[in-house]
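Below is one structure; the comments refer to it alone.
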Amino acid sequence: MSTSFQNIKGTFDILPDAYSDGGTRIASSAEWHAVEETIRDVMHRHNLEEIRTPIFEPTELVARGVGQMTDIVSKEMFAFERSGTNYVLRPEITAPVMRSFLQHHLEQRGGVQKLFYIGPCFRAEQPQKGRYRQFHQFGVEVIGADDARADAETIAIMMAIYRAFGVENTALRINTLGMPDARAKFVNALREYLEPYEDDLSETSRRRLAKNPLRILDTKLDYEQEILSDAPTLTDFVESDSREHYERVKTYLDELSIEYEEDPLLVRGLDYYTRTAFELESPDLGAQSALAGGGRYDLLAEEIGSSQPVPSIGFAAGMERLFLAIAAAGNDLPEPPGADVFFASLGDDAERWVFRTVHRFRSEGLHVAHDLKGRSLKSQMKEANRQDATYAIIIGGNELEAGAAQVKHMASGEQVEVPFDGIVDFVMDRK
RNA sequence: GUGAUCGUAGCUCAGUCGGUUAGAGCGCCAGGUUGUGGUCCUGGAGGCCGAGGGUUCGAAUCCCUCCGGUCACCCCA
């Protein structure tokens, strides 16, 4: 059996069993469920509520929210047009959540809205390990709070999730970006500082100098780092309000014993960030080392049309990278339990009886498996074994006549006779 | 988008100085036991050798293009 079709580049199928795609392990659907369940559990413990938004949005929302100059908008969007409207498969979920918050006036629910999401995103990037064209993000948006405790709590939630999976080998870096005015002044100063060195810079850095000088700061080239060692720092330009806010965030992080490293060179790729920025990295993931990142985005709401500012903070995290980190930590996800009962039948009468009984047992709440191919008893027993069934129940002419089934405990091999009307209780009692 | 590298049964991989019908292990199906799984034995199915083109008497093997994976750049979750 085969087909010439295949999944689109940069996407992957999630199958009942884990498998290897090239060098990357793709987790099973059960593992995805287990991870999502743990994420939801941690979110709920932190008093967050789930929000789900469509996977496509007007292009304009994303362009305004994320920023025209970003790589995401300028070259990585899956966009299409229909009947004169431009749509885009969402490349991230913060702007859509803010759109939804504003559209549905969620501030009217009162208090701070603490939301989380989990779902697919799309970016037309060159795929590699930990980076896909359809990937999955989970994240948090704490909307309507400018208090530094909101920043620290958001980071704490993020850390709690990785802890829940036993992912300990991580580095949290934080910084403050200040407000746009300060950043603009800094960008000018940085440009002035770097211009004399222009000929020494790499091609990409020269391009960034013109387009987005902030990005030069996280160059990986040693000699460029050298040049930057005496450059002005963003911190020097950040206005006192933001600096005080930053100090409070750090105090609250200390309060929670969350370890972090201050990184004045940390800048984030999306335009909407203000003040607090942070990133969680794992040294175990190769080139795509960012597990999660986030920050404060006090200006996003107005950017997409709100008449009022809505101070907010959040983070986004990659599911695929979480799986990589879990694997690197050597941790296993729980296996799903097998069937409670596998019904094996012999002969037409038994098949009919089993078919009816299987459905009755399922309505009683049992996980029941059976054969749909009319195979030999031996094959059915093999199937029961493969499905990891707790009990195999054998029904043939003899059992129908006696009104009692042969019930075999697969792990021990012990087999007993149980009257038909006692089987459900027998299995339930021993679950 | 750029560079490097890889692509042979469902999976992991042998096989390339070009030469009969392309192999192994595991998995799958069946039989050994016409009413009993996990171990064992036996047999079977399953491959346009990633796709297309070229060189050649002859291509899994050599060349080109494309597709896909991986690694890195870039960027980021």
Side-chain angles (χ1 to χ4, degrees), chain A residues 1-2 4-12 15 17-24 26 66 70-76 91-94 117-139 158 202-205 207-208 212 215 218-221 267-270 279-282 285-294 314-325 342 344-347 350 373 375-389 391-399 406-415:
Chain A
M1 292 182 237
S2 66
S4 57
F5 291 108
Q6 55 184 300
N7 62 293
I8 289 166
K9 174 181 181 151
T11 69
F12 55 90
L15 305 179
D17 290 321
Y19 66 102
S20 169
D21 183 12
T24 312
I26 309 290
V66 176
T70 59
D71 279 23
I72 290 175
V73 170
S74 61
K75 58 186 193 194
E76 294 171 359
E92 55 96 57
I93 307 188
T94 297
Y117 58 78
I118 177 164
C121 294
F122 305 83
R123 292 182 199 174
E125 294 190 279
Q126 188 67 259
Q128 66 184 71
K129 189 177 196 172
R131 188 168 76 185
Y132 296 91
R133 290 186 166 181
Q134 175 175 345
F135 60 106
H136 300 78
Q137 283 194 340
F138 62 92
M158 181 178 82
S202 65
E203 196 187 322
T204 45
S205 287
R207 191 156 23 87
R208 286 158 160 181
N212 190 357
R215 296 236 60 91
D218 49 25
T219 178
K220 284 164 187 160
L221 301 170
V267 292
R268 310 226 74 261
L270 281 47
E279 193 164 298
L280 188 69
E281 279 188 295
S282 163
L285 300 199
Q288 307 307 322
S289 59
L291 283 171
F315 74 84
M319 293 280 288
E320 288 78 7
R321 293 180 188 182
L322 172 58
F323 276 108
L324 290 173
F342 187 99
S345 61
L346 275 159
K373 287 174 82 171
R375 296 195 290 176
S376 69
L377 180 61
K378 175 173 176 159
S379 294
Q380 294 181 66
M381 293 302 287
K382 282 179 92 141
E383 188 65 31
N385 191 57
R386 183 168 32 226
Q387 299 215 8
D388 205 19
Y391 291 99
I393 298 183
I394 298 151
I395 305 292
N398 300 342
E399 285 72 23
Q406 291 298 323
V407 178
K408 181 171 189 173
H409 187 248
M410 293 298 280
S412 65
E414 274 174 47
Q415 186 166 316

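Here is how names work: the chains are called A, B, and so on, in the same order as the sequence lines, proteins then strands, and each is numbered from 1. Since this is a predicted model, take the numbers as computed values, not measurements. Side chains included, hydrogens not; waters and symmetry mates left out as well; all remaining heavy atoms used.
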Give the C-alpha distance, both sets of side-chain angles, the deciding distance and a yes or no for side chain to side chain contact (heavy atoms under 4.5 Å, CB included) between Ile395(A) and Leu346(A). CA-CA 6 Å; Ile395(A) 305 292; Leu346(A) 275 159; over 6 Å; no
Give each protein N/O atom lying under 3.5 Å from an N/O atom of nucleotides 37-44 of chain B, with the pair distance.
{"residue": "G37(B)", "atom": "O2'", "partner": "Asn385(A)", "partner atom": "ND2", "Å": "3.4"}
{"residue": "G37(B)", "atom": "N7", "partner": "Lys408(A)", "partner atom": "NZ", "Å": "2.9"}
{"residue": "G37(B)", "atom": "N1", "partner": "Met410(A)", "partner atom": "O", "Å": "2.5"}
{"residue": "G37(B)", "atom": "N2", "partner": "Asn385(A)", "partner atom": "OD1", "Å": "3.0"}
{"residue": "G37(B)", "atom": "N2", "partner": "Met410(A)", "partner atom": "O", "Å": "2.9"}
{"residue": "G37(B)", "atom": "N3", "partner": "Asn385(A)", "partner atom": "OD1", "Å": "3.2"}
{"residue": "G38(B)", "atom": "O4'", "partner": "Asn385(A)", "partner atom": "ND2", "Å": "3.1"}
{"residue": "G38(B)", "atom": "N2", "partner": "Ala411(A)", "partner atom": "O", "Å": "3.3"}

Quickly work out the [X] [atom1] to [N] [atom2] distance and round it to whole Å.
X         : N      : atom1 : atom2 : value
Gln126(A) : A4(B)  : CD    : P     : 13 Å
Asp17(A)  : U12(B) : CG    : P     : 14 Å
Met158(A) : A77(B) : CE    : P     : 12 Å
Glu281(A) : A77(B) : CD    : C1'   : 12 Å
Glu320(A) : U70(B) : CD    : P     : 12 Å
Asn398(A) : U36(B) : CG    : P     : 12 Å
Glu76(A)  : C73(B) : CD    : C1'   : 14 Å
Phe122(A) : A77(B) : CZ    : C1'   : 14 Å

Which part of the nucleic acid does [X] contact within heavy-atom distance under 4.0 Å: base, sugar-phosphate only, or nothing?
X         : result
Leu291(A) : sugar-phosphate
Gly130(A) : base
Tyr391(A) : nothing
Ala316(A) : sugar-phosphate

Among [options], which nucleotide has an atom closest to any side-chain atom of [X]?
X         : options                : answer
Gln415(A) : G35(B), A77(B), U36(B) : U36(B)
Gln406(A) : G35(B), C71(B), C76(B) : G35(B)
Gln128(A) : C76(B), U70(B), A72(B) : A72(B)

For a side chain to side chain contact (heavy atoms under 4.5 Å, CB included) check, start with the C-alpha distance between Tyr391(A) and His409(A), then their side-chain angles and the critical distance, and finish with the verdict. CA-CA 5 Å; Tyr391(A) 291 99; His409(A) 187 248; 3.7 Å; yes
Rounding to an integer number of angstrom, what distance separates [N] and [M] when you compare their [atom1] atoms?
N      : M      : atom1 : answer
A60(B) : A22(B) : C1'   : 8 Å
U70(B) : U56(B) : C1'   : 33 Å
G52(B) : C67(B) : C1'   : 10 Å
U61(B) : U55(B) : C1'   : 13 Å
G50(B) : G27(B) : P     : 26 Å
C41(B) : U5(B)  : P     : 44 Å
G58(B) : A14(B) : P     : 30 Å
G69(B) : A30(B) : C1'   : 36 Å

One pair to check against side chain to side chain contact (heavy atoms under 4.5 Å, CB included): Ile118(A) and Met319(A). What are the steps and the verdict? CA-CA 9 Å; Ile118(A) 177 164; Met319(A) 293 280 288; 4.1 Å; yes
My understanding is that only residues two or more places apart in sequence, or in another chain, count here; which of them pass side-chain contact (heavy atoms from CB on, under 4.5 Å) with [X]?
X        : value
Leu15(A) : Asp13(A), Tyr19(A)
Gln6(A)  : none
Thr94(A) : Glu92(A), Tyr117(A), Glu141(A), Tyr272(A), Tyr297(A), Leu300(A)

Map Phe135(A) and Pro127(A) onto RNA chain B by nearest heavy atom, then report which one ends up closer to the 5' terminus.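 Nearer the 5' end of the strand: Pro127(A).
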Considering heavy-atom distances to RNA chain B, does Lys373(A) or Glu399(A) have its closest nucleotide positioned more toward the 5' end?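 Closer to the 5' end of RNA chain B: Lys373(A).
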[X] (side chain) and [N] (base): donor-acceptor pair under 3.5 Å:
X         : N      : answer
Arg123(A) : A77(B) : yes
Arg375(A) : C29(B) : no
Arg131(A) : C71(B) : no

Results of ring pair (Phe, Tyr, Trp, His ring centres under 6.0 Å) for [X] - residues two or more places apart only:
X         : result
Phe135(A) : none
Phe138(A) : none
Phe323(A) : Trp32(A)

N/O donor-acceptor pair under 3.5 Å between Gln406(A) side chain and Gln415(A) backbone: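 Checking the backbone N and O of Gln415(A) against the side chain of Gln406(A), no donor-acceptor pair under 3.5 Å is found.
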Heavy-atom donor-acceptor pair, Glu399(A) side chain to Gly396(A) backbone, under 3.5 Å: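 Judged by distance alone, yes, a pair lies under 3.5 Å.
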Which range-with-range stems can be found for RNA chain B when each stem has 3 or more Watson-Crick or G-U pairs in a row and both distances sit under 3.5 Å?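 Paired runs of 3+ in RNA chain B: B:1-7 with B:67-73, B:10-13 with B:23-26, B:28-32 with B:40-44, B:50-54 with B:62-66.
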Is the phosphate of A30(B), meaning OP1 or OP2, less than 4.0 Å from a side-chain N or O of Ser376(A)?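 It does not, given that no N or O in the side chain of Ser376(A) lies less than 4.0 Å from OP1 or OP2 of A30(B).
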When you measure from the side-chain N and O atoms of Gln288(A) to the phosphate of A77(B), is any distance below 4.0 Å, counting only OP1 and OP2?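 Looking at the OP1 and OP2 atoms of A77(B), neither is under 4.0 Å from any side-chain N or O of Gln288(A).
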Please list, for nucleotides 66-68 of chain B, all pairs of protein and nucleotide N/O atoms separated by less than 3.5 Å.
none

Name each donor-acceptor pair under 3.5 Å that joins a side chain in residues 124-134 of chain A to protein atoms two or more places apart or in another chain, with its distance.
{"residue": "Arg131(A)", "atom": "NE", "partner": "Gln126(A)", "partner atom": "O", "Å": "3.0"}
{"residue": "Arg131(A)", "atom": "NH2", "partner": "Gln126(A)", "partner atom": "O", "Å": "2.8"}
{"residue": "Arg133(A)", "atom": "NE", "partner": "Glu125(A)", "partner atom": "O", "Å": "2.7"}
{"residue": "Arg133(A)", "atom": "NH2", "partner": "Glu125(A)", "partner atom": "O", "Å": "3.3"}

Would you please name every residue forming a side-chain hydrogen bond (donor to acceptor under 3.5 Å, both in side chains) with Glu76(A), sequence neighbours left out?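 In terms of side-chain hydrogen bond (donor to acceptor under 3.5 Å, both in side chains), with neighbours along the sequence ignored, Glu76(A) is linked to no residue.
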Apply salt bridge (Lys or Arg N to Asp or Glu O under 4.0 Å) to Glu383(A) and list each qualifying residue two or more places apart in sequence or on a separate chain.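 Testing Glu383(A) for salt bridge (Lys or Arg N to Asp or Glu O under 4.0 Å), a comparison that skips the adjacent residues, returns Arg375(A), Arg386(A).
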